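Please read these numbers as outputs of a predicted model, since none were measured by experiment. In what follows, chains carry the letters A, B, and so on, assigned in the order in which the sequence lines appear, proteins first and then strands, with residues in each chain numbered from 1. All values below were derived from every heavy atom in this structure, side-chain atoms included, with hydrogens, water molecules and symmetry-related copies excluded.
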Amino acid sequence: MSAEDEVTTPTNFIRNIIQNDLDSGKHNTVQTRFPPEPNGYLHIGHAKSICLNFGIAEDFKGQCNLRFDDTNPEKEDIEYVNAIIDDVKWLGFKWRGLHHSSDYFQQLYDYAIELIKQGKAYVDSLSAEEMREYRGTLKAPGKESPDRNRSIEENLDLFSRMRAGEFKDGEYLLRAKIDMGSPNLNMRDPALYRIKHAHHQRTGDEWPIYPMYDYTHCISDAIENITHSLCTLEFEDHRPLYDWVLDEVKTACHPQQIEFARLQLKYTITSKRKLNQLVTEGHVSGWDDPRMPTISGLRRRGYTPTSIRDFCDRIGVTKKDSFIEVAVLENSIREDLNEHAMRVMGVLKPLKVTIENYPEDQSEVLVAQNHPQNPEMGTRNISFSKVIYIERDDFLEDAPKKFFRLSVGREVRLRYAYYITCTDFVKDDSGEVVELICQYDPETKGGSSPDGRKVKGTIHWVSAEHAVDASVNLYDRLFTHPNPAATGDFTEHLNPDSLNALTTCKLEASLADTSTSIHYQFERTGYFVRDDKAKSLTFNRTVTLRDTWAKLDKQNQ
RNA sequence: UGGGGAAUCGUCUAGUGGUAGGACUGCGGACUCUGACUCCGCCAACCAAGGUUCAAAUCCUUGUUCCCCAGCCA
């Protein structure tokens, strides 16, 4: 592999900024951070941020921290902390430090006192509703609170009593003294600390007051010596406040906040609140339901870390609002799985086939390749016998000319086995075909004929006697609308067919004992992975194979 | 004129005054013991109008459209 052929992460405007900062000597190292709030599970949108932050740290030989932005205890939970740690690890990234904003509560408090002493912050007794009135509107300036010119001594006293827990929730608020007339609402004396008598998953009941995001985030970044603080577009308006706080508290380090567009995927929801709703209302089985765009859902679905990181590389990083097509994600997983997945045979919708001229009590062992393009993956044995199952879709009573599968009088190859020709079929009372009668050609063992005759179709099969019973979950998109979040009630657009649970599948014997870490391609049907949450042997379909026949078939209809 | 952002193939994305390139999708075809994979080919874009220039996606002007902001959420 030459240097040019090496797979490299495409550059983007943020990497350009960082490269410039390195070249100019503004920084001689790079420090980033991924700062989730532990109030839900990570989803594919977070993966973009993770890949960006950790990827930049890796590529510029810097470091990236994992920091839990845990300043709102009522919404946060240790369950989420642990899930997030698992997900980041699973994606394959290593953090320099694992921190919590709550680690800095004391420093944050001390800085707040400094702000008060400088006359840059004051304790306000306005109610939430009054605050809203005083804030003004998008077009009209706000007006100053009567408490705005409270004396420094009084502010200090009140703030220390807030901290001591003397007041009820909402009674007082610490606010920055900036500019009630600012066209940027975030600068109209934003809240710094609110009173919240809530139990925190890490600090317990130690703090009755909690710092706000805008105050906490920038200082936490500074404490960790972050050089580039990457966040999503909606925080652009917060950047002046980010800078204001750091300027006023005079931290030695002043990180640069840079905003990029959050990931939006068609037919998908990426909002923790809405994902949470799907879980609590029972539309899915949990945060890790394989239809969920969560990291844990994707993992259970059979997506690999490689595929998700590849996806994140492909979609790029810009400031432009955009919607990525699902096909891009599917392409990433197909590419990875095509290269690495073990090939096996599994019949999803079985149709019994009796091979009339095959000896009754005979069975034989055939050798199958585990990967057609990669002999190093070895071979395995599969059993053949008189009665087998094939895919229901592989037989058509009235088959069109281009249907290279079974129909009466047509010959196909059974993968790695023999050529068979269908001679007859059996229907049940309802008219459904329930069994095929076929003849096999003993000369074609292994799948080729001595006379060199061509057989266009090759189908997969399993021996009835040797097959294992299994359930297989076929998944389709969760929503029928390309942008469900933009509709009134997104649950109205749930796809009723997002899960097709098959319970009568017949798989080759080697699948009886497997783990969730092994990815399979069921030849001709798709990629699958074991679901160990199910009681019985169950596989989840990660993604289908590309299917040009299905496409042709659809066009003809 | 409230403030802050963004506009390039169907969808993402390069481009930073000098041949608009790549990926995904789509459409053809070759190959094939997976209608998979692989390979080959094709279709397809600079928001608009002016201006500067030998030369504009890029610089200037004026518009247009879209996104974000009025939590004691992050």
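- Looking only at atom types and distance, the side chain of A/D336 has no donor-acceptor partner in the side chain of A/S307 under 3.5 Å away.
- Rounded to a whole Å, the CD1 atom of A/I14 is 12 Å from the P atom of B/A6.
- When each of A/E411, A/K445, A/R413, A/E443 is paired with A/Y419, the side chain to side chain donor-acceptor pair (under 3.5 Å) condition holds for A/R413 and for no other.
- Separation of the C1' atoms belonging to B/G18 and B/U53 is 12 Å when rounded to the nearest angstrom.
- Between A/R343 and the options A/Q373, A/E523, A/H371, a side chain to side chain donor-acceptor pair (under 3.5 Å) holds for only A/H371.
- Judged by distance alone, the side chain of A/D70 and the main-chain N or O of A/S102 form a donor-acceptor pair under 3.5 Å.
- The side chain to side chain donor-acceptor pair (under 3.5 Å) with A/D189 is formed by just one residue from the set A/R135, A/K177, A/R148; it is A/R148.
- Residue A/R188 is out of contact with every strand shown, counting any heavy-atom pair closer than 4.0 Å.
- Listed pair A/R239 / B/G4 fails the phosphate criterion, with no side-chain N or O lying under 4.0 Å from OP1 or OP2.
- Counting to the nearest Å, the P atom of B/G71 and the CG atom of A/L192 are 17 Å from each other.
- Ring centroid separation for the pair A/Y80 and A/Y41 comes in under the 6.0 Å cut-off.
- The interatomic distance linking A/Y416 (OH) with B/A36 (C1') rounds to 12 Å, in whole Å.
- Paired with A/Y193 under the rule ring-ring contact (aromatic ring centres under 6.0 Å, His included), one option of A/W207, A/Y215, A/Y122 passes, and it is A/Y215.
- Counting only N and O atoms by type, the side chains of A/S182 and A/N184 include no donor and acceptor under 3.5 Å apart.
- Using a 4.0 Å cut-off, no side-chain N or O of A/R546 falls inside it from OP1 or OP2 of B/G35.
- Atom name P, nucleotides B/G21 and B/U61: the rounded distance is 30 Å, in whole Å.
- One can place CZ of A/F311 at 18 Å from P of B/A23, the figure rounded to the nearest angstrom.
- The same atom, P, is picked in B/C43 and in B/C27; the two are 16 Å apart, to the nearest Å.
- Here, B/C47 and B/C9 have their C1' atoms 14 Å apart, quoted to the whole Å.
- Put simply, CD on A/E236 is 12 Å from P on B/C68, counting in whole angstrom units.
- Checked against the 6.0 Å centroid threshold, A/Y213 and A/H217 count as a close aromatic pair.
- Here, B/U65 and B/C46 have their C1' atoms 16 Å apart, quoted to the whole Å.
- Judged by distance alone with a 3.5 Å cut-off, no donor-acceptor contact links the side chain of A/Q373 to the base of B/U38.
- For A/D237 and B/G3, a side-chain-to-base donor-acceptor distance below 3.5 Å is present, hydrogens and geometry of angles not being considered.
- Spacing between B/C60 and B/A23 at atom P, rounded to whole Å, works out to 32 Å.
- Rounding to whole angstrom units, CG of residue A/L233 and P of B/G3 are separated by 19 Å.
- Put simply, A/S182 has no side-chain N or O that comes within less than 4.0 Å of OP1 or OP2 on B/G3.
- Ring centers of A/F384 and A/Y418: under 6.0 Å apart, within the cut-off.
- Separation of the P atoms belonging to B/G15 and B/A6 is 15 Å when rounded to the nearest angstrom.
- The pair A/D393-A/R524 fails the salt-bridge criterion, with no side-chain N (NZ, NE, NH1 or NH2) lying under 4.0 Å from an Asp/Glu carboxylate O.
- Between A/K445 and A/A140, the one whose closest nucleotide on RNA chain B sits nearer the 5' end is A/A140.
- The side chain of A/L552 sits closest to B/G35 out of B/U25, B/G2, B/G35.
- To the nearest whole angstrom, the two C1' atoms, one in B/A74 and one in B/C12, are 27 Å apart.
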Polar atom pairs between nucleotides 72-74 of chain B and protein, under 3.5 Å, N or O only, would you list them?
residue, atom, partner, partner atom, Å
B/C72, OP2, A/R135, NH1, 3.2
B/C72, N4, A/L126, O, 2.7
B/C72, N4, A/A128, N, 3.3
B/C72, N4, A/G170, O, 3.3
B/C73, OP2, A/R194, NE, 2.8
B/C73, OP2, A/R194, NH2, 2.9
B/C73, O3', A/R194, NH2, 3.1
B/C73, O2', A/N72, ND2, 2.8
B/A74, OP1, A/T71, OG1, 2.6
B/A74, OP1, A/R194, NH1, 3.3
B/A74, OP1, A/R194, NH2, 2.9
B/A74, OP2, A/Y213, N, 2.9
B/A74, O3', A/D69, OD2, 3.1
B/A74, N6, A/H238, NE2, 3.3

Subject >> Where protein sits on nucleotides 11-17 of chain B, one letter per nucleotide: B base, S sugar-phosphate only, - none, heavy atoms under 4.0 Å >> reply: SSSS---
Subject >> Watson-Crick and G-U pairing of RNA chain B written in dot-bracket, each distance under 3.5 angstrom, with | for inter-strand partners >> reply: .((((((..((((....[..)))).(((((.......)))))....(((((..]....))))))))))).....
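- Base engagement by A/Q521 is indicated by at least one non-hydrogen atom pair under 4.0 Å involving a base atom.
- Between the C1' atom of B/G4 and the OH atom of A/Y242 lies a distance of 18 Å, rounded to the nearest Å.
- Among the protein residues, A/P372 comes within range of the nucleic acid bases, having at least one heavy atom under 4.0 Å from a base atom.
- Judged by atom type and distance alone, A/R405 reaches the base of B/G35 through a side-chain donor-acceptor pair under 3.5 Å.
- If you look at A/F522 and A/F539, their ring centroids are closer than 6.0 Å.
- Of the candidates A/R405, A/R410, A/K349, A/D394 forms a salt bridge (Lys or Arg N to Asp or Glu O under 4.0 Å) with just one, namely A/R405.
- In this structure, A/Y527 places its OH atom 7 Å from P of B/C37, rounding to the nearest Å.
- In this structure, A/F403 reaches the bases: a heavy-atom distance under 4.0 Å links it to at least one base atom across the strands shown.
- Base orientation of B/G29: anti, the glycosidic angle falling outside 90° of 0.
- Using a distance-only test at 3.5 Å, with no hydrogens or angles considered, a donor-acceptor pair links the side chain of A/H197 to the main chain of A/F167.
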